[in-house]
Amino acid sequence: MSVNEVYVFRPFKLIALLCVFIALCLDMVALLSPAWVTAERFSLSLWESCIESESRDLEGSQWRCNSTLTSDWQIATLVLLLLGAVVTLVGFLVALISLCRGTQRQHYRSVAVLLFTAVVLQACALVLYPIKFIDGTVLQTYHEFNWGYGLGWGATIFMLGGGILFCLRTDMYEDAMY
């Protein structure tokens with residue numbers, strides 16, 4: 001590099017890798033979250049459904065929990081979310097290895113395709129969940145989709161952002177400018 005040359009560092013791929021890492025973290029927390037739907041005496045996660053039963057003791061009420069892996073739509077939601085997380089993990093590992101080895105340009109498109117596939121899987125699961133929940137469950141009380149469901153959407157948005165950033169071709173602009 002001589003005195004008259006200028007090198008411009010654009011950290012788009014590092015930011016994309018950070019987005020994918022954040023998406024993985026949010027996805028894991030969403031998958032393990034105990035609160036996807038909550039109501040006054042009801043809580044539903046991807047793994048179990050809990051109902052609060054009133055007891056006549058002075059100790060208070062008891063929560064009775066059952067597995068949700070008996071319902072087809074809940075299993076489908078869980079499988080789609082797990083597949084999205086696995087595809088995101090594979091994309092993250094490929095991007096990390098590619099970035100560390102310096103073979104950056106070879107694998108960015110495949111990482112972007114993996115991330116867009118994960119976005120489609122996650123979005124299908126996150127749209128299926130409330131539709132089938134409202135269709136199949138009639139609660140007599142107010143219910144809301146809680147932070148676990150919101151973290152699933154947050155992970156999907158970060159995956160989409162990482163995929164878009166991996167699609168950017170900054171190498172063309174750097175060579176043409178200097």
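Hydrogens, waters and symmetry mates are skipped; everything else that's a heavy atom, side chains included, is used.
Hydrophobic clustering (ILVMFWY, side-chain heavy atoms < 4.5 Å, transitive): Leu93 and Leu17 are in one cluster. Two different hydrophobic clusters hold Leu160 and Met28 under the rule that ILVMFWY side chains link at heavy-atom gaps under 4.5 Å. Val94 and Leu89 fall within a single hydrophobic cluster, where Ile, Leu, Val, Met, Phe, Trp and Tyr are joined by side-chain heavy atoms under 4.5 Å apart, directly or via other members. Both Ile134 and Ile75 are assigned to one and the same hydrophobic cluster, defined by single-linkage of ILVMFWY side chains at heavy-atom distances under 4.5 Å. Note on Leu32 and Trp153: separate hydrophobic clusters, where clusters join Ile, Leu, Val, Met, Phe, Trp and Tyr whose side-chain heavy atoms are under 4.5 Å apart, directly or indirectly.
Using a 4.5 Å cut-off on side-chain heavy atoms (C-beta onward), Phe116 and Ile164 make contact. In this structure, the side chains of Gln122 and Leu83 stay at 4.5 Å or more apart for every pair of heavy atoms. Contact of the Ser67 side chain with the Glu48 side chain is not registered, since no non-hydrogen atoms from C-beta on lie closer than 4.5 Å. In this structure, the side chains of Met159 and Val20 stay at 4.5 Å or more apart for every pair of heavy atoms. Side-chain contact between Leu99 and Lys13 is present, with heavy atoms from C-beta onward closer than 4.5 Å.
Checked by atom type and distance alone, the side chain of Thr38 never pairs as donor or acceptor with a backbone atom of Asn146 at under 3.5 Å. Looking at Ser110, its side chain does come within 3.5 Å of a backbone N or O of His107 through a donor-acceptor pair. The closest donor-acceptor contact from the side chain of Trp47 to the backbone of Leu69 lies at 3.5 Å or more, if one exists at all.
For the residue pair Asn66 and Ser49, no side-chain donor N or O sits within less than 3.5 Å of a side-chain acceptor on the partner.
In terms of heavy atoms, Ile15 sits closest to Leu165 at CG2-CD1, 3.6 Å. Residues Thr156 and Val119 share a closest heavy-atom pair of O-CG2, 3.8 Å. Across Arg109 and Cys167, no two heavy atoms sit closer than the pair NH2-O, 3.7 Å. Between Val111 and Ala95, the closest heavy-atom pair is CG2-N, 3.8 Å. Considering every non-hydrogen atom in both Ala118 and Thr88, the closest pair reads CB-OG1, 3.3 Å. Among all heavy-atom pairs drawn from Ser33 and Ser45, the shortest one is O-CB, 3.3 Å.
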Take Leu82 and Leu31 through the test side chain to side chain contact (heavy atoms under 4.5 Å, CB included) and record every step on the way to the result. CA-CA 8 Å; Leu82 285 172; Leu31 281 168; 3.7 Å; yes
In sequence, state the C-alpha distance, the side-chain angles, and the governing distance for Leu114 and Phe92, and then conclude on side chain to side chain contact (heavy atoms under 4.5 Å, CB included). CA-CA 9 Å; Leu114 286 172; Phe92 175 75; over 6 Å; no
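Under the 6.0 Å cut-off for aromatic ring centres, Tyr129 and Trp73 qualify, their centroids lying closer than that. Aromatic pair Phe145/Phe133: centroids less than 6.0 angstrom apart.
For the atom pair SG (Cys19) and CG (Leu26), the distance works out to 10.5 Å, reported to the nearest 0.5 Å. We find the CZ-OG distance between Phe166 and Ser98 to be 8.0 Å, quoted to the nearest 0.5 Å. Atom OG1 in Thr117 sits 7.0 Å away from atom CG in Leu121 (nearest 0.5 Å). For the atom pair Leu80 CG and Leu126 CG, the distance stands at 9.5 Å (nearest 0.5 Å). Atom CH2 of residue Trp36 and atom CD of residue Gln74 lie 11.0 Å apart, to the nearest 0.5 angstrom. Rounded to the nearest 0.5 angstrom, Phe12 CZ and Leu168 CG are separated by 6.0 Å.
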